[in-house]
Protein chains: 2
Amino acid sequence: MATQATPPDLDQTLMALADPTRRAILHRLSEGEMRVTALARPFAMSLNAVSKHIRMLERARLVRRRRAGREHLLSLTPEPLDAAAAWIAEHRALWTARLDALDAMLKAEDRAGTKTPEKKGGAR
Amino acid sequence: MATQATPPDLDQTLMALADPTRRAILHRLSEGEMRVTALARPFAMSLNAVSKHIRMLERARLVRRRRAGREHLLSLTPEPLDAAAAWIAEHRALWTARLDALDAMLKAEDRAGTKTPEKKGGAR
DNA sequence: CCAGAATTCAACCTGTTGGTTGAATTTTAC
DNA sequence: GTAAAATTCAACCAACAGGTTGAATTCTGG
């Protein structure tokens, strides 16, 4: 019964994406490399807070850091999104299909049930 | 400059998915309605812990609860996955395209630079 | 050399996750 | 009516998220 080994990378990616500030950071970074200070400017929070968000994005490997002297240039590395998108799409399809199958089965059973009320419960 | 209103629903959906136990719960639920106890059995944690995960999944509207006497029947409602999948897919495409464009631009600039090192100011 | 800029580090606070155990609640079954 | 089943509620705990402020670090430029 395969323990379905769910990758911890997916945890980190989804967790990183589950915050509007971090999504906004990624969005800004899609326009190119940017320093921490520049990146932080539009947000209504301290530089330190943004720095922490960046650290979390790095941990999820959605952002890469390149030091150039005293400034740290951040850039977007969207690869982890592939896995996340794939996981969600795949499971959405699988689950929807299963639920549809169940629904069809229930409807069929119901039709049969009204004719031969045996099996379980019958009408309610 | 549209404040890009990031929906809090997305936060909850992604947060809910960012945990292996909760993903496993959803997976089991794709096989049909199940009681809390039955759902909790395979997990190496207390019933209460699973109950809390379920509550979080309900908050994200990924799971619906139907009370039938003393038992609560949980079922999967995969709709919120649509929004999550759409958001990720859309941004992945947009961001990748932007990064590609940036890259192409940099390469072109580089080629131009090595051939005709004039542009402005001339020699250095 | 030295002031200042760009960052992080460290400590702290508050709220939430993720887990526990034990008691309450509601419903079924004898 | 009462025991037991299926759940949650309540209190607690450790860890972490998300934020703050203040001090340290590391570079740059006059």
Side-chain angles (χ1 to χ4, degrees), chain A residues 6-29 32-75 80 120-121 124, chain B residues 6-29 32-75:
Chain A
T6 343
D9 276 12
L10 191 53
D11 296 27
Q12 304 230 280
T13 306
L14 293 174
M15 185 70 172
L17 292 177
D19 179 281
T21 302
R22 285 193 291 266
R23 287 195 298 268
I25 288 176
L26 294 176
H27 201 77
R28 293 197 79 217
L29 279 180
E33 261 187 349
M34 207 174 302
R35 286 186 306 134
V36 175
T37 313
L39 200 47
R41 211 179 40 243
F43 297 106
M45 69 184 67
S46 76
L47 184 62
N48 264 349
V50 173
S51 182
K52 280 195 189 179
H53 281 303
I54 292 171
R55 195 135 38 90
M56 198 160 306
L57 289 168
E58 280 186 282
R59 224 180 19 169
R61 286 196 282 288
L62 283 163
V63 157
R64 195 182 4 139
R65 180 189 305 254
R66 173 172 75 91
R67 281 171 187 72
R70 69 179 152 179
E71 47 191 54
H72 296 202
L73 295 185
L74 285 330
S75 54
K120 88 194 299 203
R124 41 167 157 183
Chain B
T6 342
D9 277 11
L10 191 54
D11 295 27
Q12 303 230 282
T13 305
L14 293 173
M15 185 69 171
L17 291 177
D19 179 282
T21 302
R22 286 193 289 267
R23 287 194 299 268
I25 288 177
L26 295 176
H27 201 76
R28 294 198 79 217
L29 240 28
E33 259 188 348
M34 208 173 302
R35 286 185 306 134
V36 175
T37 314
L39 199 48
R41 213 179 40 242
F43 297 107
M45 68 184 68
S46 76
L47 184 62
N48 265 349
V50 173
S51 182
K52 281 195 188 178
H53 280 302
I54 293 172
R55 195 135 39 89
M56 198 160 305
L57 289 168
E58 280 185 283
R59 222 179 23 168
R61 288 197 279 288
L62 283 163
V63 156
R64 194 183 3 137
R65 181 188 305 253
R66 172 171 76 91
R67 282 172 186 72
R70 70 179 151 181
E71 48 192 52
H72 297 202
L73 296 186
L74 285 330
S75 55

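Just so it is clear: chains get the letters A, B, ... in the order the sequence lines come, proteins before strands, and each one is counted from 1.
- In this structure, B:Arg22 reaches the sugar-phosphate backbone alone: every heavy-atom distance under 4.0 Å involves primed, P, OP1 or OP2 atoms, never a base.
- The phosphate of C:dG19 (OP1 or OP2) has no side-chain N or O of B:Ser46 nearer than 4.0 angstrom.
- A heavy-atom distance below 4.5 Å is not found between the side chains of A:Leu17 and A:Arg22.
- Atoms CG (B:Leu74) and C1' (D:dT7) sit 11 Å apart, rounded to a whole Å.
- The CZ atom of B:Phe43 sits 13 Å away from the P atom of C:dT20 (whole-angstrom rounding).
- The shortest distance between the side-chain N/O atoms of B:His72 and the OP1/OP2 oxygens of D:dT8 is below 4.0 Å.
- For the pair A:Arg59 (side chain) and A:Ile54 (backbone), a donor-acceptor distance under 3.5 Å is absent.
- Comparing D:dT20, C:dA6, C:dT20 against the side chain of A:Thr37 picks out C:dA6 as the nearest.
- Between B:Asp11 and A:Arg23 a salt bridge is recorded (basic side-chain N to carboxylate O distance below 4.0 Å).
- Regarding B:Leu73, its CG atom lies at a distance of 14 Å from the P atom of C:dT27, rounded to whole Å.
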Below 3.5 Å is the cut-off: list the nitrogen or oxygen pairs between protein and nucleotides 28-30 of chain D, distance only.
none

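- When the C1' atom of D:dT7 is taken as reference, atom CG of B:Leu39 falls 13 Å away, rounded to whole Å.
- In this structure, the CZ atom of A:Arg65 is 11 Å from the C1' atom of C:dA6, given to the nearest Å.
- Comparing C:dT20, C:dT7, D:dT7 by their nearest atom to the side chain of B:Met45 picks out C:dT20.
- Per the geometry, CG belonging to B:Leu47 stands 15 Å off C1' belonging to D:dA4, to the nearest Å.
- Although no hydrogens or angles enter the test, the distance criterion places no donor-acceptor pair under 3.5 Å between the side chain of B:Arg67 and the main chain of B:Leu73.
- No more than 12 heavy atoms of other residues, nucleotides or ligands sit less than 6.0 Å from atom CZ of B:Arg64.
- Within 3.5 Å, no donor on the side chain of B:Asn48 pairs with an acceptor on the base of C:dG18, nor the reverse.
- Considering only heavy atoms from C-beta on, A:Met34 comes within 4.5 Å of A:Arg28 through its side chain.
- Across all their heavy atoms, A:Ser75 and A:Leu29 have their closest contact at C-CD1, 4.3 Å.
- Within residues 50-59 of chain A, the residues that place at least one heavy atom under 4.0 Å from DNA chain D are, in residue-number order, A:Lys52, A:His53, A:Met56, A:Arg59.
- Under the salt bridge (Lys or Arg N to Asp or Glu O under 4.0 Å) test applied with B:Arg65, the options B:Glu58, B:Glu33, B:Glu71 reduce to a single match, B:Glu58.
- Atom CG of B:Leu17 and atom P of C:dG18 are 12 Å apart (whole Å).
- Distance CE (A:Met15) to P (C:dT17): 9 Å, rounded to an integer number of Å.
- Judged purely by atom type and a 3.5 angstrom limit, A:Arg61 has no side-chain atom pairing as donor or acceptor with the backbone of A:Asp9.
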